Amino acid sequence: MSDASTARTFLGIQLNPGTTTGHMLTFYLSCYAAIMLATFIPQTQPFLLNEVLQLETSRQGVVSGNLNFWGEIVIIATVGLWGSLSDRIGRRWVTGLGFVLIAAGIFLYGLTRDLNGLLFARIIYSAGIAAVSTMLITLMADYASDSSRGKATGLLGVMNGLGAMTAALFLLRLPAMYQGQGMNAEQAAWATYTTMTVIVALIAAAMFLGLKGGVAKRLEASPPLLRQLREGVGEARRPVIALAYAASFVARGNLAVVGTFYTLWASIYGASVLGMTSAEAVSKGGGLLAISYGASLLSAPLFGIMSDRLRRVSALAISLAIGAVGYGSTWFLDSPFSGAAIVCLVLIGMAEVGCIITSGVLIAEQAPDRLRGSVVGIFTLAGAVGILIASVVGGYLFDHWLNTGPFVFFGLVAALVCAWALVLRLQPEAQPAPAATA
């Protein structure tokens, strides 16, 4: 991918000077791969816990939640470091290094035979996810002009959806496929994670070869972190900003609940009730998860249009209501593979993307220009806290109450935030003007 010919547009996206079609193709490959790998590890983890580590099912919820918790702590702790490092050595090196770390973490997953080894592998993997996630946002700003940022973000969402569906439809089938060839559980785990290590190593090589080289010019220094935190928290005195922070908590927590606990439930139910191997149950669950991701992909444009045509708070309330119904209805489910479960997964998939889009549009509208970085920073932090709470509380509820406990819990949270949004909707003074007449 050469820099010889500079592309002015890419699929209708206006590019910044010096950005080529090759750079954009590599960037969107990273978008596709990042979400594929972010879902692959937590969703294949039940196979490891059940058949390789042979962990009793009464502990698997808490263990899965704790692994998520410490992984998210690593992400929170390192995203700022990766951003600063990319200013010094370049985006290409940090993105490539991120995928190298992901590959190393995945390889260690295939070797681990105890919980300490699994935690170490998760930490390495999470550091890589943090690097790549940080660079996706940065590369978007580097490559796409401001006038085309919306189109570029929309295509990023499409690639994310395709990556998640690839993990659910194909990658989650690898353990069962290798066991079907006569391997035992440990051999199938090694083969699965080694296969993925090779794939991720090739993706890392593509980043080194295909992304723009050099160091981007930094236009202005960022304000000190403590000052950003104070400013962002201070803006929560405005009710709509506080609502957006709460919605970010729900949106990111939703992702953690589905990614961690659905395949865990499928694995335990398939093995204990249906007599499947854990690999077979994870594979079957992956097929149903693909339906959820497909619902996200297809409904994303609807929520984008809704955010433009309705008041922002109204659009957010609708997405939260869908989430409350989808997650809350899992209370009545007995099987992760039933027709009713598929209906819940469709609603959950719609709510996931809906909350992300509508809360993002709301915070973008409400954040003052002078404090935009600080407000968006707290918005992102609220989402990280959502993942932490979903991991810890969800894990406890999974082991000590219901296998659908994490889903029911976030259904309740979504309902409470939805009620808050509806209250604010009835207060015209708290509402921005709609972008267009509903």
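Excluded from the calculations below are hydrogen atoms, water molecules and symmetry mates; all remaining heavy atoms, backbone and side chain alike, are included. The shown structure was predicted, so the numbers you read here are calculated from the model rather than taken from an experiment.
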**Study point:** Under 3.5 Å side-chain donor-acceptor pair for Thr26 and His23
**Key:** no
Report task. Output yes when a side-chain donor or acceptor of Asp399 lies under 3.5 Å from a complementary backbone atom of Gly61, and no otherwise. Result -> yes
CG (Leu174) and OG1 (Thr194) are apart, to the nearest 0.5 Å, by 11.0 Å
Taking the ring of Phe40 and the ring of Phe170, is the distance between their centroids below 6.0 Å?
no
Margin query: Please tell me whether Tyr32 and Thr166 have a donor and an acceptor in their side chains that are separated by less than 3.5 angstrom.
Written below: yes
Main chain of Asn184, side chain of Gln187: is a donor-acceptor contact present, judged purely on distance under 3.5 Å?
yes
Q. Should we count OH of Tyr396 as having more than 12 external heavy atoms under 6.0 Å?
A. no
Please report the C-alpha distance between Phe10 and Tyr28 in whole Å, then the side-chain angles of each, then the deciding distance to 0.1 Å, and finally whether the side chain to side chain contact (heavy atoms under 4.5 Å, CB included) criterion is met. CA-CA 11 Å; Phe10 176 82; Tyr28 281 115; 3.8 Å; yes
When rounded to the nearest 0.5 Å, the distance separating CD1 of Ile129 from CD1 of Ile124 is 13.0 Å
Smallest heavy-atom separation, Phe47 atom then Ala188 atom, equals CZ-CB, 4.2 Å
Flag the pair Glu186 / Arg113 as yes when at least one side-chain heavy-atom distance between them is below 4.5 Å, and no otherwise.
-> yes
To the nearest 0.5 Å, atom OG of Ser126 lies from atom CD1 of Ile102 at 9.5 Å
Handout entry: Residues Lys212 and Asp142 bridged, charged N to O under 4.0 Å
Key = no
Notebook entry, point to check: Within the side chain of Gln60, is there an N or O that forms a donor-acceptor pair under 3.5 Å with the backbone of Leu55?
Noted result: yes
- Item | Pair Ser278, Ser267: side-chain N/O donor-acceptor within cut-off below 3.5 Å | yes
- Query: So, Tyr109 and Gln45: side-chain donor and acceptor under 3.5 Å apart, yes or no?
  - Reply: yes
Is there a side chain to side chain contact (heavy atoms under 4.5 Å, CB included) between Leu397 and Leu402? Walk through the geometry before answering. CA-CA 6 Å; Leu397 294 176; Leu402 294 171; over 6 Å; no
Notebook entry, point to check: Passes side chain to side chain contact (heavy atoms under 4.5 Å, CB included), Leu347 versus Ser329? Steps please.
Noted result: CA-CA 10 Å; Leu347 293 175; Ser329 296; 5.6 Å; no
Next on the checklist: Using a 6.0 Å cut-off, check whether atom CH2 of Trp331 has over 12 heavy atoms from anything other than its own residue.
Outcome noted: no
Quick check: does any side chain N or O of Ser338 sit under 3.5 Å from a backbone N or O of Ala341, one acting as donor and the other as acceptor? yes
Quick check: does any side chain N or O of Ser248 sit under 3.5 Å from a backbone N or O of Phe379, one acting as donor and the other as acceptor? yes
| message | Would you call the rings of Phe410 and Phe249 parallel, tilted or perpendicular, taking 30° and 60° as the class edges? | response | parallel
Quiz item: Okay, side chain of Tyr125, backbone of Leu37: is any donor-acceptor separation there less than 3.5 Å?
Solution: yes
Residues Val94 and Ala131: closest non-hydrogen pair is O-CB, 4.1 Å
Count the heavy atoms belonging to other residues, nucleotides or ligands that lie under 6.0 Å from CH2 of Trp420, then report whether that count exceeds 12.
yes
### Worked verdict on Trp190 versus Leu111 for side chain to side chain contact (heavy atoms under 4.5 Å, CB included)
CA-CA 6 Å; Trp190 184 87; Leu111 298 178; 3.8 Å; yes
**OP:** Flag yes if more than 12 heavy atoms outside Asp334 fall under 6.0 Å of its CG atom; otherwise flag no.
**Re:** no
When you measure from the side chain of Thr78 to the backbone of Leu81, do you find a donor-acceptor pair of N or O atoms at a distance under 3.5 Å?
no
Any chance the side chains of Thr44 and Tyr193 put a donor and an acceptor closer than 3.5 Å?
yes
TODO: Scan side-chain atoms only and decide if Thr39 and Tyr293 contain a donor-acceptor pair under the 3.5 Å cut-off.
DONE: no
